[in-house]
Amino acid sequence: MGYRARVLTVDTLPIARPLSGARYSAAELSSDGDAVYLLDQRRLPGEEAYVVARTASDVAQAIRDMVVRGAPAIGVAAAYGVALARRAGELDAALDELASARPTAVNLRWAVERIGAVARAGSVEDTCHAARALHRDDVAACRAIGAIGADLLPARTTVLTHCNAGALATGGFGTALGVVRAAWASGKLSLVLADETRPYLQGARLTAWELREDGVPVELLTDGMAGHFFARGEIGAVVVGADRIAANGDVANKIGTYGLAVLARAHDVPFYVAAPWSTVDLATPSGREIVIEERASDEVTTIAGVRVAPQGVSARHPGFDVTPARLVTAIITERGAIARVDAAGLSALAR
Ligand code: MRU
């Protein structure tokens, strides 16, 4: 059947209030625990509409289709998907389908395993409760990341960010955009430069939308422009999110992130990665072992459904790249900032 492309506004959702703490939310579980509402991020910024997922399989499909995206947000959505599976009494296949919906973001598997364990041992209510707690914890982690990261930024900074690591990509508030929001609130931020992030345009469509909603000054760059602004001394810091951080501190994030890290190092600009601890994967030794999602060629050869490359020409489309730990100034987590980005620095915060 699949999730229903039903247009619902946030005020009509059958929930007490969004757990995101914002006016909108990437994923919410209905008060009765029988449906998951996902803000359809493919329609933003033109339309703010929610789809309804009634089964774990619907949630998995919505993750595959990029209705909901961003590592922590797909973790939250999948946690709610497990709650639907528990209600339906069909855990095993559902957990596998959810965990394998996308390969790179470790938060997905982490959330499915965590809530899956509750579902196997407990009731439907226990599972809903645990999934909502995971959502709340992610928002709290983002707020802590924001405060810790804002402290690291110099005064009157222009921050460059890539993709969308905001409220839409998390339970709420955001990781990289959590740092931006906290820096803006404390008067430390002058401007955000947002890469448009081809081909899904998460920067142009989502980061720009979120920041505009909050009144944070933002200007868009096409993905090839960053070097120009680094060379002119216009970028004070880079802050990005992550999909998976390996045990040695290598960081997988949206394709294009590695190039920014190289530019930042060449221009002596700090390069920060903001991510909750659920993105840290100590079981993966280094970036070499991280599976990089390969997406369809036609997502690159077409723009908004219009072919822009000659017929017969195909495109490469890795969804993510790996930034080596040595290029990362610090990893900002809710447990603290890791300024020594290596296995020892990460394991010092592990528990
Ligand atoms: O393909 P996407 O849109 O899911 O990719 C998202 C990113 O790369 C984000 O930077 C990352 O998931 C961190 S979100 C807080």
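Note that ligands are numbered from 1 as they come in the structure, with each ligand's atoms numbered from 1 the same way. Being a predicted model, the structure only gives us computed values, none of them experimental.
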By side chain to side chain contact (heavy atoms under 4.5 Å, CB included), A16 pairs with (sequence neighbours left out) none

Residues at least two apart in sequence or cross-chain that pass side chain to side chain contact (heavy atoms under 4.5 Å, CB included) with V159, listed by chain then number, are L153, T157, V180, L189, V239

* Asked: Below 4.5 Å, heavy atoms only, C-beta onward: do D58 and V51 meet side chain to side chain?
  -> no

Pairs under 3.5 angstrom only: tabulate donor-acceptor contacts from the side chains of residues 262-275 to other protein residues two or more places apart or in another chain.
from, atom 1, to, atom 2, distance (Å)
R265, NH1, R326, O, 3.2
R265, NH2, R326, O, 2.6
H267, ND1, L263, O, 2.8

Please give the N or O to N or O pairs under 3.5 Å between ligand 1 and the protein, distances rounded to 0.1 Å.
from, atom 1, to, atom 2, distance (Å)
ligand 1, 1 (O), R102, NH2, 2.9
ligand 1, 1 (O), K254, NZ, 2.7
ligand 1, 3 (O), R69, NE, 2.8
ligand 1, 3 (O), R69, NH2, 3.2
ligand 1, 3 (O), Q202, NE2, 2.8
ligand 1, 4 (O), G70, N, 2.9
ligand 1, 4 (O), R102, NH1, 2.8
ligand 1, 8 (O), D243, OD1, 3.0
ligand 1, 8 (O), N253, OD1, 3.2
ligand 1, 8 (O), K254, N, 3.3
ligand 1, 10 (O), N253, OD1, 2.6
ligand 1, 12 (O), A71, N, 2.9
ligand 1, 12 (O), D243, OD1, 2.9
ligand 1, 12 (O), D243, OD2, 3.3

With N164 as partner, the option from R205, R69, Q41 fulfilling side chain to side chain donor-acceptor pair (under 3.5 Å) is R69

From the list L177, T161, L206, side chain to side chain contact (heavy atoms under 4.5 Å, CB included) partner of L211 resolves to L177

